[in-house]
Structures are given as structure tokens and as C-alpha cells.
Number of protein chains: 2
Amino acid sequence: MTQPADDAVAAPLGRSRAEETAAALRALIADAELTPGMRLAEVDLARTHAVSRNTLREAFRILSEQSLVVQVPHRGAFVATPSVMSIIDIYHVRRMIECGALRTALPKHPGVTRMREAVDTALAARESGDWRTVGTANILFHSAIIELADSPRLARFADALAAEVRLAFGLVDDPEYLHAPFIDQNARIVELVAAGSADEAAEALEGYLHRAERVLVTAYERASAARA
Amino acid sequence: MTQPADDAVAAPLGRSRAEETAAALRALIADAELTPGMRLAEVDLARTHAVSRNTLREAFRILSEQSLVVQVPHRGAFVATPSVMSIIDIYHVRRMIECGALRTALPKHPGVTRMREAVDTALAARESGDWRTVGTANILFHSAIIELADSPRLARFADALAAEVRLAFGLVDDPEYLHAPFIDQNARIVELVAAGSADEAAEALEGYLHRAERVLVTAYERASAARA
DNA sequence: TTGCGCTAGATTGTTCAACAATGCAAGCGA
DNA sequence: TCGCTTGCATTGTTGAACAATCTAGCGCAA
């Protein structure tokens, strides 16, 4: 029987070890401990996660379907590397679905509370210069917008998009630059929704996401050039 | 070495056997040879597809992430069964993304040609009473709408939704009832887009999808009751 | 010195056998 | 008839083995 190790998968709570392993890897990717392009060596990872190679391969399949991992036949699995085209596509889709969710938003929807909480978190974190928390709050803000649509499928889709864009954030590695310009905009959007001005909120978000895309794409290209 | 069998996976063309197996199973599901709720027994399927159980499990993971298969720990894998809530969610999301894609459609986009081809196919099939082809053409019509958005992620998401809703179509098993009322509506929507009336087309699609949802939900409930 | 070809080693993709864990169905007893 | 127990079938996982593939390094020739 394999011995538990540092990254060992905890006893499953109704989840299989493959799923637990996938979740653990997903967290490592989200925390930028596994970075885009990094090769995920089966033998090493199976050992550190205390699972067999077959179980790890199942986990890779899960993550591959979630676009977080790319499996190249006979060469291995790699943490996905977003391309500029990917970033553009993600923001294009985000504009469609987030603005769509906002347009039909009800002012008293629980998602609005979550949006406000995310904004409050970001404002407090900004005071103490904790830009990493600002970045996380920003992601939660967008997740809360999607929550307004009350759709599990849309939430899942948006979650996958967010995980991908987070890879790009990690590569740029400057949460202040990426998120600081938008904190007050987030606050404004919440107020518009709460005041029943859904169309105006959607209009504001549309412009905001265009700008956020510009900021990320140029920063991403700069970071990519600096690493080449 | 495992011997090829009837459902054996062909030699991979750059794809792994797990992926080929997943694709083969997906086709069986789409063709209603594997129907919702059906149990996918590993030992049997591994034999008929001439792969090992581990490889089959990888294929299950792929399909599970695509919501076509549900893996229940220690009980097995089953072809997903759409619930009424699922159908409602799918149509809710389809309205958002298809109408969104239509609103920004360009009249000369190649997707419009594909929409028109799907309509022509449906019209011809209607003449000969080939309702199964009408159903397939209808699915292609909606896929073409998504193509207007030029987004690989959105296309992939919409493809997954379509695969799910197709399960429900299969359970109702009456393509004439489900699709006949909408053929002429599809034709009208194409003409509106081609004429540059994108907003009007989106408006028409919004109402259409509401009605289509009503038709499917009631037919689905009737079919479910008849099988209980 | 440089470029090309070949080989060895590392790794992945898959298979197989085995065993533990789990759930379900059948049988038995109250 | 209902509840409990047991046995069997199946799934979840492991580990070993081997084929297939790729990459890197070495040697030789120009």
C-alpha cells in the first residue's frame, strides 16, 4: 500500500482518489505552484501524491477536459499555457455571458450581496497593499455576477474560464497592475445593479471588460517577451 | 494483446485509445444506442471496445467531464439522464449565448451560410417525412448560430449543451413533434440575419427558444411518466 | 568544427492481474 | 412481510510489465 506523502490525497469524502488528486493539482495550478508550460511528470507526481500512475492519469483527464492541462501524446502532460488568442476569446465570452447575466439581474438577488462583499474585500485589501487578495476578490466579483443568472451550467463554464485566465494572471505576476484600476469600477457596478439599473451596469461592465482585456493582453505580451 | 472486436477502437490517428474510446461511446450516446440511465459496465464495454479497464476508465472521465456520463462511486458509470431542471437550465443558457451571438452577427458571416444550409436540409427532409434528419438539421442550425460568435470556447460549451439536450430528444423519441414547428422559424431567422436585422433575429430566437423549451419540457414529462 | 545519423535511456500509453472496498440482491429467520 | 446477514458482482486502485515514442548525447564523416 502506498504511503502518504506531503502532497498525499486525503481520505476521500465520497470522492474518488482520482478526483481528489485532480482537485489538489487544480489548487496547485491556481496557487501558481504549477505554472504554465510546466511538465507534469507522471512518475514524480504519482509518488508525491501517493497514487498510482493510472489514478493520476484519470486525474489528468479531468484537468485536461477543464483546459487546465494539455496532454501531448507520448510527450507528457503540461500545465496549459494561455495564448493571446485564448485571452481574447475568454474576454469575448466573458463579455457575452457576464453582461447577459447582469442585464437580467434582480436588485435583491443574493449574488448582489456577494458582489458587494467581494468589492469590500478588495477595498480593504487595497488599503493594506495586499494585491494578491485584491486579485482573488476580483475573481470572486466576477463569479458573483455569473451567480445572478442562477444557472449551474453557466457557473461551471465561467469557472473554467476564470481558471484559465488566472493562469495568465500568474504569468504576468503583477496583481496590482492588473486589478487596481478596476476596484472602483466594480463598486460602481454593484451600486447600479442594486439600484435596478441593470442595463447601465451591463454597459459599464462591457467597457470595463474591454479595458481589462487590453491591460492583460499587453501585460501578457510584455511578460512573454521578457521570458523569451 | 487484446483482439479487435466489433466495437473495437481503430488505430489512433494521433489520438490515444482512451480518446478514441470516448469518441466511440459519445457517438453511441448520440445515436441513442446508449440511452439515458443505461449502466456502462466496465468489464463488458472494455471487452467490446477491445481496451483495458483502465483505458476505459480514462474514457469515462472524459465523458463525465462532458456531462454525458455520470460516475457514481462504487455503483458504476451511467449515461446521464437529463432532469427537467437540466432542460430548463440548458435552454436558459442557450437563450443567453445564442441570442448574444445573433445580436453581434454580421450578415456575410460564413455561419449564416451554414444556418441556411441547415434550413434547406430540414425543408427537404420535411418533404419526405424524414424527421430524424430534420432533427439533426435543427441541431446544426443552432450550432451555426454559435459559430457566428467566432469563439472556440463558446462553441465547445454549446456543443456540450447540445449533446445533453439531444439525450432528452432521444427520450421523447418524436422528432416530428419536437422539430416540425420550428423549421419555418429557423428560415425566418436566417433571412433576418442576412438582411442585417440582427436584433430582430435575436428577438425572434428568444421567443422561439422559450416555446421550444415548453414543448420539450412537457413532452419530456409525458415520456417520463409513461416510462414510470 | 559542424552536421547528421544512430542508439540508448527516459517516459508515456496501455494491458493485465490482483486485491480492497462497496453495494445490491437473495435467502433466512422472526 | 420485514429486517438482517451473507455472498457475489462490480468498481476503484495499485503495481508490474511491456510496447511505443521521443529526446539527448555520442560518434563519425565531411
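Just so you know, these numbers come straight off a predicted model, no measurement behind them. Numbers restart at 1 for each chain; the letters A, B, ... are given by sequence-line order, proteins then strands.
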- Query: In whole angstrom, what separates B/Leu56's CG from C/dG13's P?
  - Reply: 17 Å

- Task: Check the distance between C/dT14's P and A/Phe60's CZ and give it to me in whole angstrom.
- Result: 14 Å

- Any side-chain donor near an acceptor of the partner, A/Arg153 and B/Ser67, under 3.5 Å: no

- A/Arg57 CZ to C/dT15 P: how many Å, rounded? 11 Å

- Atom CD of A/Glu19 to atom C1' of D/dT13: distance rounded to whole Å? 13 Å

- Query: In whole angstroms, how far is the C1' atom of D/dT11 from the CD atom of A/Glu58?
  - Reply: 11 Å

- Query: Between A/Arg61 and B/Ser64, does any side-chain donor sit less than 3.5 Å from a side-chain acceptor?
  - Reply: no

- Message: What's the angle between the local helix axes at either end of the helix from C/dT1-D/dA30 to C/dA30-D/dT1, using five pairs per end and rounding to 10 degrees?
- Response: 10°

- Item | Sidechain-backbone polar pair: A/Thr35 side chain, A/Ala32 backbone, donor-acceptor under 3.5 Å | no

- Item | 5′-ward residue of the pair A/Thr55/B/Asp44 relative to DNA chain D | B/Asp44

- Query: Salt bridge between B/Arg26 and B/Asp159, side-chain N to carboxylate O under 4.0 Å?
  - Reply: yes

- Task: Round to a whole Å and report the spacing from CG of B/Leu40 to P of D/dG12.
- Result: 12 Å

- Rounded to the Å, how far apart are A/Glu42 CD and D/dC18 P? 19 Å

- Task: Just call it for A/Ala41: base, sugar-phosphate, or nothing, with non-hydrogen atoms closer than 4.0 Å on any strand.
- Result: sugar-phosphate

- Answer yes or no: is there an ion pair linking A/Arg17 with A/Glu58, defined by an N-O contact shorter than 4.0 Å? no

- For A/Arg15 and D/dG12, is the shortest distance between a side-chain N/O and OP1 or OP2 below 4.0 Å? no

- Message: I'd like to know if the side chain of B/Thr136 pairs up with that of B/Thr133 as donor and acceptor (distance under 3.5 Å, no hydrogens or angles considered).
- Response: no

- Query: Charged N to carboxylate O below 4.0 Å: is that the case for B/Arg95 and B/Glu213?
  - Reply: yes

- Message: Strictly under 4.0 angstrom, non-hydrogen atoms only: write out the protein contact profile of nucleotides 19-26 of chain C, one letter per nucleotide from the 5' end, B, S or -.
- Response: ---SSS--

- Item | Nucleotide nearest A/Arg39 when distance is taken to its side chain, options C/dT15, D/dT13, C/dT11 | C/dT11

- Just how far, in rounded Å, is P of D/dG12 from CD of A/Glu20? 14 Å

- Quiz item: cation-pi between B/Arg211 and B/Tyr208, 6.0 Å / 45°: no

- For residues 151-170 of chain A, the ring-ring contact (aromatic ring centres under 6.0 Å, His included) pairs (sequence neighbours left out) are A/Phe157-B/Phe157, A/Phe169-A/His179

